[in-house]
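Treat the numbers as computed from the prediction; the structure is a model and nothing was measured. Protein chains get the first letters and strands the later ones, always in sequence-line order, with residue 1 at the start of each.
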Amino acid sequence: MSLLEVCQWINDTGPATALRESEIAFPIVESIHVLAIALMAGTVSIVDLRLLGIVLKKEPVSQVAEEVLPLTWAGFALMAISGAMLSAAEAVKLYTNPAYRIKLVLLFLAGLNPLIFHSTVYKSVSAWNEWPRPPARARVAAICSLTYGVQSSSPDAPLLITTEICRCFLFFTGSTTPRSARRCGIRPRPSR
Amino acid sequence: MRNSTSAFALIEIVHLLGLAMLGGVVLIVDLRLLGVILPTRPADRIARDLAPFLKGSLVVMVLSGIPLVSGEVMKCCYNGAFRLKMLLFVLALAFYFGVHRRVTRSAFVSGWAPRAAAGVSLALWLSVGMAGRAIGFL
């Protein structure tokens, strides 16, 4: 069975047809989708701005991250569920849409962000938790994350390549305490 | 404006990015006032810290909103959702600059006032967004 046939089958299932043809349900699900994106992007950008040392400079990074990111995940979950419903309803139409394919790839790449961030820079957060302006690597991670907000609305190849190079750099430079923190005599401690 | 699909889409993207920022800031400040997040950090400081971003995203949204509307003024004028959105938007603005800001600026951010302000503010901004979504469907 080819991908197009799978899309056709999804497109023709009962719930997908009902959603596509409904004059009320479709706009409602679409509105939920947009609001969920706003929730996700808005809350994660607050965390990114904290990592850049622009807002909430006096609040510890770990506290901002731990209390704000659950909201981001809630937005993501809502977005994913409503997005899957909308995609199922228009599966055949979207199969031929190049913008939709780019969007899926970007979504996947953006999904790697928290994974890379938490397994590298964030591991040493206890060393720079209270810094008004976190170390350079954390700031790079924040810029990568912010870039995806712009990317997903208007993809741009050079910007994407630059972001990916930065992320590879972050990923392969590991989770050691940043040099700027060591210079201040701070040793890595297990995070709380 | 109404004849150019790419210009409309581009400005709409700016409008939506503004929405995300505004929504994020409103949510963080109001959830803090409700005591849901960052309860151990001072609410007035969080509100003060994020205020420039709230005002900035408001400016972005208004500036990008004007060309979106100007392309189809006549259509919007008779659109019930658009009228409702503008009414709610003015109410939300008035509430923010008249009440909300004073509550978060006062030295004693405690008691029922901040919670009530946060609840009203969340409800107002959410309904502005919902009415905005409805414009296209009417």
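Heavy atoms of B/Leu38 lying under 4.5 Å from chain A belong to its backbone as well as its side chain. Heavy-atom distances place both the backbone and the side chain of B/Pro39 under 4.5 Å from chain A. Residue B/Val26 does not touch chain A at all, counting heavy-atom pairs closer than 4.5 Å. Contact annotation for B/Leu22: neither backbone nor side-chain heavy atoms come within less than 4.5 Å of a heavy atom of chain A. Only the side chain of B/Ile28 comes within contact range of chain A, with at least one heavy atom under 4.5 Å from a heavy atom of that chain.
Not a single donor-acceptor pair under 3.5 Å links the side chain of B/Arg133 to the backbone N or O of A/Val34.
A/Gln63 places a side-chain heavy atom less than 4.5 Å from the side chain of B/Thr40. Counting heavy atoms from C-beta on, the side chains of A/Leu71 and B/Leu31 come closer than 4.5 Å. Using a 4.5 Å heavy-atom threshold, the side chains of B/Met130 and A/Leu35 count as touching. Counting heavy atoms from C-beta on, the side chains of A/Ile46 and B/Phe53 never come closer than 4.5 Å.
Under a hydrophobic clustering in which Ile, Leu, Val, Met, Phe, Trp and Tyr are joined whenever their side-chain heavy atoms come within less than 4.5 Å, directly or via other members, B/Val99 and B/Leu93 fall into the same cluster. At a threshold of 4.5 Å between side-chain heavy atoms, the hydrophobic network of Ile, Leu, Val, Met, Phe, Trp and Tyr places B/Leu91 and B/Leu84 in one connected group. Hydrophobic clustering (ILVMFWY, side-chain heavy atoms < 4.5 Å, transitive): B/Met61 and B/Met86 are in distinct clusters. The cluster map of Ile, Leu, Val, Met, Phe, Trp and Tyr, joined by side-chain heavy atoms under 4.5 Å apart, puts A/Tyr95 and A/Ile10 in different clusters. Tracing side-chain contacts under 4.5 Å through hydrophobic residues (I, L, V, M, F, W, Y), one reaches B/Phe97 starting from B/Leu50; they form part of the same cluster.
Between the OG1 atom of A/Thr43 and the CG atom of B/Leu27 there is a distance of 7.0 Å, given to the nearest 0.5 Å.
The ring pair (Phe, Tyr, Trp, His ring centres under 6.0 Å) test applied to A/Trp73 returns A/Phe76, not counting sequence neighbours.
Between chain B and the options A/Pro27, A/Pro70, A/Ala41, the largest number of non-hydrogen pairs under 4.5 Å is found for A/Pro27. Interface remark: of the candidates A/Glu23, A/Lys57, A/Glu30, A/Glu30 forms the most heavy-atom pairs closer than 4.5 Å to chain B.
In B/Arg102, the CZ atom is not crowded: 12 or fewer heavy atoms of neighbouring residues, nucleotides or ligands sit closer than 6.0 Å.
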